[in-house]
2 protein chains.
Amino acid sequence: MKYIDKLRNSGLRPTKQRLQICEVLFNVEKTFHFTINELEQKIKDKTDNKISLATVYNTVHAFEKKGYLKQIPINSNQTYFDTNVTDHHHFYDLNDQKLIDLENSDVGPINIKKKINGKKIKSVEVLVKLED
Amino acid sequence: MKYIDKLRNSGLRPTKQRLQICEVLFNVEKTFHFTINELEQKIKDKTDNKISLATVYNTVHAFEKKGYLKQIPINSNQTYFDTNVTDHHHFYDLNDQKLIDLENSDVGPINIKKKINGKKIKSVEVLVKLED
DNA sequence: ACACTTATTTAGAACCATTATAAACTACCC
DNA sequence: GGGTAGTTTATAATGGTTCTAAATAAGTGT
């Protein structure tokens, strides 16, 4: 069971709920973006038994902490997550309110010239807003 | 009165409340970042009469629409705004939860190679996350 | 100055995503 | 199997933001 090891290796107990959420999030061809509500719906569609909303929140946060998910920095009333945890960027279509991946290779190298004393760069994320 | 014209020119009636908010936001040396709560506090400090929270929200949104303020795309429980409406970017210090301006000149030119059909780029914003 | 229309302000309620709570349950280790 | 710590769960609470509808103020024409 591929997800059992993944979870155990990061100190998370492989519970039934977490494994089911892993299936929904990671057992797919393409990575994708989602809100908690959208994830809850996907779980309902794929699964017989119900998973509590609190568990969905807990699990998503646990996965984010372990680096299996990334939060997408965007101003919205709901938080967006990404199953693509490689370094990459996003288009945000203001008209359709849709996120589109922008691979690192689609953006020239970004050179941050300014340094902040005693701090190191953890990530560099580009958000390109689109309109019609 | 400098702000009266500014407001009238953009179709906003120069009310007492809006003018007071203009003073707090724009009549300062440096641009700055703020949340609605922080702005409310600044208004309280600088002003005798109270401005309703709803008015603060209304005004900030009106100013944003007119291009006098920018929302900063960042995941936080509160929305951050910026009185610096020039093209620029941000550091976000994850430890202190502080935003720091990053001038365009501190970031090399960003070349977005991917195009989306029928959409044009409205803005390109870089968020650089920092940690200790 | 006055009347009239339209925009704005306001307090409070409503909304809704997210977080906290605390009790029941389950995985894991000996 | 028994004990312990981690997890799930329904539900309540929180808190930022938006909505509502009535009161007020600004603009416009006379």
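Throughout, a chain's letter reflects where its sequence line sits, starting with A, and its residues are numbered from 1.
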*Which heavy-atom pair separates Asp132(B) from Asn95(B) by the least distance, and what is that distance?*
N-OD1, 2.8 Å
*asked:* Within the 4.0 Å heavy-atom criterion, would you say Asn37(A) contacts the bases, only the backbone, or no part of the nucleic acid?
replied: sugar-phosphate
_Nucleotide dT20(D), atom C1' - distance to CG of Asn58(B) in whole Å_ = 12 Å
*Distance check: side-chain N/O of Thr15(B) vs OP1/OP2 of dT9(C), anything under 4.0 Å?*
yes
*asked:* If the cut-off is 4.0 Å, is Lys50(A) near the phosphate of dA10(D), judged by side-chain N/O to OP1 or OP2?
replied: yes
_In this structure, how many angstroms lie between the P atom of dA14(C) and the OH atom of Tyr57(B), rounded?_
18 Å
*asked:* Side-chain N or O of Gln17(B) versus OP1/OP2 of dA25(D): is the shortest distance under 4.0 Å?
replied: no
*asked:* How many whole angstroms separate atom CD1 of Ile36(A) from atom P of dC16(C)?
replied: 18 Å
*asked:* Please tell me whether Gln20(A) and Asn49(A) have a donor and an acceptor in their side chains that are separated by less than 3.5 angstrom.
replied: yes
*Separation of dT18(D) C1' from Asn77(A) CG (nearest whole Å)*: 11 Å
_Between P on dT19(C) and CD on Gln78(A), what's the gap in Å once rounded to a whole number?_
13 Å
*asked:* Looking only at side-chain N and O atoms, does Ser10(B) offer a donor or acceptor that is under 3.5 Å from a partner on Tyr68(B)?
replied: yes
*Does the side chain of Asp106(A) come under 3.5 Å of the side chain of His88(A) through a donor N or O and an acceptor N or O?*
no
*Base of dT7(D) paired with side chain of Arg18(A) (donor-acceptor, under 3.5 Å)*: no
*Side-chain donor-acceptor contact under 3.5 Å, Asn37(B) with Gln41(B)*: no
*Grab the CZ-P distance between Phe81(A) and dT18(C) for me, whole Å please.*
7 Å
*Atom pair distance, as rounded to whole Å: CG in Asn9(A) and P in dC28(C)*: 13 Å
*Rounded to the Å, how far apart are Lys65(B) NZ and dT8(C) P?*
11 Å
*Of Asn49(B) and Arg13(B), the one whose closest DNA chain C nucleotide lies more 5'*: Arg13(B)
*Checking all strands, does Thr55(A) fall into the base, sugar-phosphate, or nothing category for heavy-atom contacts under 4.0 angstrom?*
base
*Do the side-chain N or O atoms of Arg8(B) get closer than 4.0 angstrom to the phosphate oxygens (OP1, OP2) of dG27(D)?*
yes
*asked:* Just to be sure I understand the rule, does Thr79(A) reach a base, reach only the sugar-phosphate, or reach nothing, if contact means heavy atoms closer than 4.0 Å?
replied: sugar-phosphate
*Select from Tyr80(B) and Leu12(B) the residue whose nearest nucleotide in DNA chain D is closer to the 5' end of that strand.*
Tyr80(B)
_Residue-phosphate contact under 4.0 Å: His61(A) side-chain N/O, dT19(C) OP1/OP2_ = yes
